Student: 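Here you go, one structure.
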Amino acid sequence: MLYILIILSLLFIGYILKSNLTISILFMGLLSYIFANVSPQVPDYGNYFQYYYGGEYYRNLLQKGYESVSILFLNHGYSFVNFRLALAILTFIILWLAIQIWTKNIIWVLAFYLISYFPMDIIQIRNFVMLGFSTLAITILTKNGNLKYLISLLSIWVGAQFHTMGLIYLPIVIVTMLPNFVAKKMRKYSIPIAIVGTIVFFLGSRTAILGPLAVFVGRLSGSESQITNKLTDRYTTGTSLSMLLVVIVVNIIIWIAVKKISQYEKNNSNKEVRVVIDTIKNIASYGLILSPLMIIAPDYSRVFRNFGLLFIIFFIMILSKRDVEHRSKTVATLSLLIMSLAGLAVWARYFVVLF
């Protein structure tokens with residue numbers, strides 16, 4: 001009941017106050033408390049509890065960043081709940097910094113995030129921390145100056161120390177650093193690449209494809225044996241057709257929505273809006289290219305779940321701007337509704353942890 005009241009409050013306050021940076025901090029504090037005190041009965045809670053107290057053997061199964069921070073807190077006498085609280089506060093601070101780069105209506109971003117993806121992230125603590133750093137890595141790319149690239153790359157690297165999937169964001173930064181025609185080519189051929197990738201992963205030897213990649217990614221993230229095992233063993237179990245279709249359909253809808261907004265705002269005099277649109281177009285196209293990963297395993301759904309937060313931030317930005325076309329706001333509203341319904345459909349079973 002509390003969770004529903006929080007969502008309704010966020011929607012109402014976000015409607016009344018389009019700029020709500022200060023009050024959003026209070027809600028993030030409340031959500032950090034909920035995050036820390038989630039029921040021990042939720043999936044994965046017992047595993048993380050064991051990793052925290054179980055000694056070096058269990059902690060070595062995870063990425064080095066998470067391992068180091070957990071050892072630091074445990075050695076200073078902090079409980080697992082306090083450890084979760086600290087990570088939640090840290091992540092929400094980073095998310096606050098990331099979101100306000102694109103929109104000051106953080107309250108609405110939180111509302112739609114709670115409706116769609118937060119119930120899953122509250123379970124997977126490492127992914128949540130990585131999400132904070134990776135979101136900052138992308139939104140800061142729309143700032144001026146070259147320092148943004150260093151901050152972006154550093155954020156991705158830090159996030160990957162908590163969850164290796166953070167490295168998925170790296171190509172976005174690289175494409176942004178390259179001449180603009182590279183991004184245009186990626187956007188142009190994203191659908192054909194996705195189709196070819198689907199065929200390759202479906203018909204080819206998935207273990208043979210992922211083996212060398214797993215070793216390389218593992219070395220970068222500091223968890224070589226673990227990620228190699230996941231990518232070449234557990235992560236080659238395939239996924240349900242229904243989940244695959246939902247993710248692909250939503251990705252295509254978002255791709256179309258972003259393209260439409262880009263067309264409507266091509267003459268927008270606000271440079272900030274145009275730069276963000278260019279960045280989000282890259283992410284939408286990149287998301288399509290990554291869609292075939294869902295064939296490998298359901299765990300890769302977290303890639304699209306994490307990208308989903310960026311799309312929420314973008315669509316809220318469009319709704320909060322006065323100098324954008326009404327048609328763009330209509331597309332943004334419909335997209336948010338579709339994303340929320342899709343999130344509920346795919347991850348509905350995880351909402352029970354909050355009621």
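Values reported hereafter were calculated over all heavy atoms of this structure, with side chains retained and with hydrogens, waters and symmetry mates removed. Quick caveat: nothing in here was measured; it's all calculated off a predicted structure.
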Student: Grab the two heavy atoms, one from P171 and one from Y286, that are nearest each other, plus how far apart they are.
Tutor: CG-OH, 3.1 Å
Student: Determine, stepwise, if the pair E265 / N268 fulfils side chain to side chain donor-acceptor pair (under 3.5 Å).
Tutor: CA-CA 5 Å; E265 303 302 324; N268 194 308; 2.7 Å; yes
Student: Give every residue pair that meets the ring-ring contact (aromatic ring centres under 6.0 Å, His included) criterion with at least one member in residues 70-91, sequence neighbours excluded.
Tutor: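 As it turns out, the ring-ring contact (aromatic ring centres under 6.0 Å, His included) pairs with a partner in residues 70-91, which skip direct neighbours, are Y45-F80, F49-F80, Y52-F80, Y52-F83, Y66-F83, F73-Y78, F73-F83.
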Student: If the condition is salt bridge (Lys or Arg N to Asp or Glu O under 4.0 Å), which residues does K281 pass it with, not counting sequence neighbours?
Tutor: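 In terms of salt bridge (Lys or Arg N to Asp or Glu O under 4.0 Å), with neighbours along the sequence ignored, K281 is linked to D278.
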Student: If hydrophobic clusters are built from ILVMFWY residues whose side chains come within less than 4.5 Å, do L72 and F133 share one?
Tutor: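 Hydrophobic grouping puts L72 apart from F133.
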Student: Testing the basics here: between S291 and F304, what is the closest heavy-atom pair and its distance to 0.1 Å?
Tutor: CA-CZ, 3.6 Å
Student: Identify whether L334 and M317 are in the same connected component of the hydrophobic contact network (ILVMFWY, side-chain heavy atoms under 4.5 Å).
Tutor: no
Student: With a 4.5 Å cut-off on side-chain heavy-atom distances among I, L, V, M, F, W and Y, is there a chain of contacts connecting V275 to L310?
Tutor: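 Different clusters.
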Student: Working to the nearest 0.5 angstrom, can you tell me the gap between I254 CD1 and L336 CG?
Tutor: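 It comes to 9.5 Å.
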Student: Roughly how far, to the nearest 0.5 Å, is OH of Y51 from CD1 of I125?
Tutor: 13.0 Å
Student: Nearest 0.5 Å, please: how far is CG in L309 from CD1 in I138?
Tutor: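 Here the rounded value is 11.5 Å.
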Student: I need the I4 CD1 to L114 CG distance, nearest 0.5 Å.
Tutor: 12.0 Å
Student: Would you tabulate the side-chain donor-acceptor contacts of residues 145-153 under 3.5 Å, counting partners in other chains and residues two or more places apart, or write 'none'?
Tutor:
from	atom 1	to	atom 2	distance (Å)
K148	NZ	L141	O	3.0
K148	NZ	K143	O	2.8
S152	OG	A137	O	2.6

Student: Of all residues at least two apart in sequence or in a different chain, which pass the side chain to side chain donor-acceptor pair (under 3.5 Å) check with Y113?
Tutor: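 Side chain to side chain donor-acceptor pair (under 3.5 Å) list for Y113, sorted by chain: D121.
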Student: Ignoring hydrogens and angles, tell me if any N or O in the side chain of R274 forms a donor-acceptor pair with the backbone of K266 under 3.5 Å.
Tutor: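 Answer holds: no.
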Student: Under the side-chain hydrogen bond (donor to acceptor under 3.5 Å, both in side chains) definition, can you give me all pairs with a residue in residues 179-193, not counting sequence neighbours?
Tutor: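 For residues 179-193, and leaving out neighbouring residues, the side-chain hydrogen bond (donor to acceptor under 3.5 Å, both in side chains) pairs sorted by first residue read R187-N282.
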Student: Only pairs under 3.5 Å count here: list side-chain donor-acceptor contacts from residues 88-105, not counting sequence neighbours, and write none if there are none.
Tutor:
from	atom 1	to	atom 2	distance (Å)
T91	OG1	L87	O	2.8
W96	NE1	L21	O	3.1
W96	NE1	S24	OG	3.1
Q100	OE1	K104	NZ	3.2
Q100	NE2	L97	O	2.9
W102	NE1	T139	O	3.4
W102	NE1	T142	OG1	3.0
T103	OG1	N105	N	3.1
K104	NZ	Q100	O	2.9
N105	OD1	N20	ND2	2.9
N105	OD1	W108	N	3.3
N105	ND2	G14	O	3.4

Student: Hey, could you give me the OG/CG distance between S285 and N251, rounded to the nearest 0.5 Å?
Tutor: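 Between S285 OG and N251 CG, I get 10.5 Å after rounding to 0.5 Å.
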Student: Compute both the distance and the angle, then confirm whether R305 meets the cation-pi test with Y117: under 6.0 Å from the six-membered ring centre, within 45 degrees of the axis.
Tutor: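 No, a cation-pi geometry is absent between R305 and Y117.
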Student: If you round to the nearest 0.5 Å, how far is CD1 of I280 from CD1 of I313?
Tutor: 8.0 Å
Student: Is there a chain of hydrophobic side chains (I, L, V, M, F, W, Y, each step under 4.5 Å between heavy atoms) that links Y33 to I122?
Tutor: no
Student: Looking just at side-chain N and O atoms, do Y48 and R126 make a donor-acceptor pair shorter than 3.5 Å?
Tutor: yes
Student: Please check if L337 and L11 belong to a single hydrophobic cluster, counting links between Ile, Leu, Val, Met, Phe, Trp and Tyr side chain heavy atoms closer than 4.5 Å.
Tutor: no
